[in-house]
Amino acid sequence: LWPWLLASSGLSALVQLVTLPFFPDSPSYLLIQKGNEEACRKAIRKLWGEGDHQAEIDDIMKEKGAMATTKTLRVLEVIKERSLRWQLYILMTVMTTLQLCGINAIYFYSFEVFHTAKFEEYLIPYVSLGVGLCECLSSILCSTLIDRFGRKVLLWGGYSLMGSVLALLTMTLSLQHRFFWMHYFSVILIFLFVVFYGIGP
């Protein structure tokens with residue numbers, strides 16, 4: 001079953017490969033990069049149907065004008081630019097915490113935790129698949145929550161909840177030899193961690 005499951009990702013790539021030539025180019029790409037207003041109008045009509053789309057074309061033209069006055073900076077120039085310093089700090093912090101949040105460790109050790117929880121050997125891959133499915137569903141849920149609560153709240157909340165879950169997981173893994181039910185609590189915590197990771201970071 002697993003070879004078929006891995007091969008199924010090729011199916012979506014094949015669908016994209018076959019259908020992509022039938023999709024129109026991006027209107028903003030056609031107008032800003034290519035400078036072809038007629039092709040832009042044609043692409044807009046294909047995407048949004050017939051009608052007056054002058055407002056959208058005006059927005060793209062404003063974007064083009066803004067890009068023309070914006071200077072492209074090299075990496076060292078971005079680092080030296082004082083006006084971009086805080087944005088750079090925030091970006092570096094978010095990317096660093098994303099790498100060090102513990103999701104890779106959770107995925108790496110989840111098999112061992114499931115094994116210790118006395119799951120049957122043939123069931124463990126499906127439980128691991130459930131963990132991945134949890135991340136996928138929570139990412140979809142995040143796209144609906146981000147408009148309501150904002151990115152900042154989701155980041156702070158996600159990292160806070162992930163930190164709490166990791167603290168509890170450390171405790172349950174330490175006590176798993178004393179209490180038989182701690183194994184199952186560890187499994188629940190792994191699922192919760194993945195959900196909070198998908199909703200937050």
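What you are looking at is a predicted structure, and each value in this text was computed from that prediction instead of being measured. Side-chain atoms are counted along with the backbone in the values below, which use heavy atoms only and exclude waters and symmetry mates.
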For this session: Please examine the side chains of Phe114 and Val131, heavy atoms only from C-beta on, and report whether any two atoms are closer than 4.5 Å.
Result: yes
For this session: Check the angle between the aromatic planes of His115 and Phe111 and answer parallel, tilted or perpendicular using the 30° and 60° thresholds.
Result: parallel
Exercise. Are Leu169 and Phe193 close enough that some pair of their side-chain heavy atoms sits under 4.5 Å apart?
Worked result: no
For this session: Answer yes if Val195 and Leu141 sit in the same cluster of Ile, Leu, Val, Met, Phe, Trp and Tyr residues linked by side chain heavy atoms under 4.5 Å apart, and no otherwise.
Result: yes
Problem set entry | Interatomic spacing from CG in Leu154 to CG in Leu145 - rounded to 0.5 Å | 6.0 Å
For this session: Indicate yes or no for a side-chain donor-acceptor contact from Arg85 to the backbone of Lys80 under 3.5 Å, with no hydrogens or angles considered.
Result: yes
Problem set entry | Between NE2 on residue His183 and CG on residue Leu175, distance to nearest 0.5 Å | 11.0 Å
Seminar exercise, completed: All heavy atoms of Phe149 vs all of Val153, minimum pair found to be O-CG2, 3.4 Å
Problem set entry | Distance (rounded to the nearest 0.5 Å) between Thr97 OG1 and Met92 CE | 11.5 Å
Exercise. Is Val194 close to Tyr107 at the side-chain level, that is, under 4.5 Å between some pair of heavy atoms?
Worked result: yes
Problem set entry | Single-linkage hydrophobic cluster Leu173~Val127, side-chain heavy atoms < 4.5 angstrom | yes
Exercise. So which heavy atom on Cys101 is nearest to which on Leu166, and how close?
Worked result: O-CD1, 3.6 Å
Seminar exercise, completed: Here the pair of heavy atoms bringing Glu121 nearest to Pro125 is O-CD, 3.4 Å
Problem set entry | Arg45 atom CZ, over 12 foreign heavy atoms within 6.0 Å | yes
Problem set entry | Closest heavy-atom pair and its distance - Phe22, Lys46 | O-NZ, 3.6 Å
Exercise. To the nearest 0.5 Å, what is the distance between CG (Leu11) and CD (Gln16)?
Worked result: 10.5 Å
Exercise. Any link between Met95 and Met162 through a network of hydrophobic side chains (Ile, Leu, Val, Met, Phe, Trp, Tyr) touching at under 4.5 Å?
Worked result: yes
Problem set entry | Spacing of Asp59 atom CG and Gln54 atom CD [to the nearest 0.5 Å] | 10.0 Å
Exercise. For Arg41 and Glu37, what are the C-alpha separation, side-chain angles and deciding distance, and is it a salt bridge (Lys or Arg N to Asp or Glu O under 4.0 Å)?
Worked result: CA-CA 6 Å; Arg41 288 181 185 277; Glu37 189 172 336; 3.0 Å; yes
For this session: May I have the step-by-step check of ring pair (Phe, Tyr, Trp, His ring centres under 6.0 Å) for Trp86 and Tyr89, ending in yes or no?
Result: CA-CA 5 Å; Trp86 275 109; Tyr89 289 155; 5.7 Å; yes
Seminar exercise, completed: Minimal heavy-atom distance between Ser186 and Thr172, with the atoms involved, is OG-OG1, 3.0 Å
Problem set entry | CG on Leu98 to CD1 on Ile103, rounded to 0.5 Å | 9.5 Å
For this session: Verify the neighbour count for atom CD of Glu112: are there more than 12 heavy atoms of other residues, nucleotides or ligands below 6.0 Å?
Result: no
For this session: With side-chain contact (heavy atoms from CB on, under 4.5 Å) as the test, would you mind laying out the steps for Ile106 and Val113 before giving the verdict?
Result: CA-CA 9 Å; Ile106 289 290; Val113 173; over 6 Å; no
For this session: Indicate, with yes or no, if Leu192 and Met171 share a hydrophobic cluster defined by side-chain heavy-atom contacts under 4.5 Å among Ile, Leu, Val, Met, Phe, Trp and Tyr.
Result: yes
Problem set entry | Residue pair Gly200 / Leu155: nearest heavy atoms and the distance that separates them | O-CD2, 4.2 Å
Exercise. When you look at OH of Tyr159, are more than 12 heavy atoms from neighbouring residues, nucleotides or ligands closer to it than 6.0 Å?
Worked result: yes
Exercise. Below 4.5 Å, heavy atoms only, C-beta onward: do Pro27 and Glu56 meet side chain to side chain?
Worked result: no
Exercise. Is the count of non-hydrogen atoms from other residues, nucleotides or ligands lying under 6.0 Å from Phe191 atom CZ greater than 12?
Worked result: yes
